[in-house]
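Throughout, protein chains are lettered first and strands after them, A, B, ... in sequence-line order, and every chain is numbered starting at 1.
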Amino acid sequence: MAYWLVKSEPAVYSWDHLVKEGNTCWSGVRNYAARNNLMNMKKGDALFFYYSNEGLEIVGIAKVIKEYYPDPTTEDKRWVAVDIEPVQKFKKPVTLSMIKGDNQLSEMVLINNSRLSVQPVNRKEWIAVLKLAGEK
DNA sequence: GCCAACGTTGGC
DNA sequence: GCCAACGTTGGC
């Protein structure tokens with residue numbers, strides 16, 4: 001199983017919105033690197049749900065429930081979407097400053113390529129973030 | 001609101 | 001195929 005991080009502006013699509021809907025189509029990605037990451041997601045892969053612009057924190061974990069298919073929000077065949085559902089909200093969100101302050105997380109894509117909206121997360125980073133969140 | 005970093009577009 | 005101009009993202 002692989003790990004990922006997706007970004008959302010809470011004003012546009014919040015964690016609570018995802019929980020309310022039960023699941024959602026993660027569409028609208030218009031960047032090749034992010035698109036390639038979407039295409040590499042497998043059913044059951046786990047994702048951190050990060051708030052950009054406001055919040056600046058990882059609020060919880062979601063998972064992939066449907067692998068990539070053509071993005072329904074555009075006619076352009078280049079772009080794809082996946083379906084995700086919420087798994088768990090962190091009791092304590094992991095803020096960007098916490099991540100920046102953690103030695104094990106200095107290589108995170110979130111730090112080094114902050115504009116990428118769909119990012120891979122390695123196992124070491126995944127565990128380190130869970131630790132910061134106070135989760136097991 | 002500003003601006004750095006990055007991606008995309010289009011002229012040559 | 002290069003690169004300048006422009007647009008967007010996202011942290012501060």
Among C:dC12, C:dT8, B:dT8, which nucleotide has an atom closest to any side-chain atom of A:Leu96? C:dC12
Nucleotide nearest A:Ser117 when distance is taken to its side chain, options C:dC12, B:dG7, C:dG10: C:dG10
Determine yes or no for a side-chain-to-main-chain donor-acceptor pair under 3.5 angstrom, with A:Asp71 supplying the side chain and A:Ala81 the backbone. no
Is there a donor-acceptor contact under 3.5 Å from the side chain of A:Asp83 to the main chain of A:Ile65? no
How close or far is atom [atom2] of [N] from atom [atom1] of [X], stated in whole angstroms?
X: A:Asn31; N: C:dT8; atom1: CG; atom2: C1'; answer: 11 Å
X: A:Arg30; N: B:dG7; atom1: CZ; atom2: P; answer: 17 Å
X: A:Arg35; N: B:dC6; atom1: CZ; atom2: P; answer: 21 Å
X: A:Ile111; N: B:dA5; atom1: CD1; atom2: P; answer: 15 Å
X: A:Asn53; N: C:dT9; atom1: CG; atom2: C1'; answer: 7 Å
X: A:Leu116; N: C:dG10; atom1: CG; atom2: C1'; answer: 13 Å
X: A:Leu5; N: C:dT9; atom1: CG; atom2: P; answer: 17 Å
X: A:Trp79; N: B:dG7; atom1: CH2; atom2: P; answer: 12 Å

So does A:Lys7 get a side-chain nitrogen or oxygen closer than 4.0 Å to the phosphate oxygens (OP1/OP2) of C:dT8? no
Counting just side-chain N and O atoms, does A:Tyr50 come under 4.0 Å of either OP1 or OP2 of C:dG11? yes
Distance (rounded to the nearest 0.5 Å) between A:Glu107 CD and A:Lys124 NZ: 7.0 Å
Do the ring centers of A:Trp15 and A:Phe90 come within less than 6.0 Å of each other? no
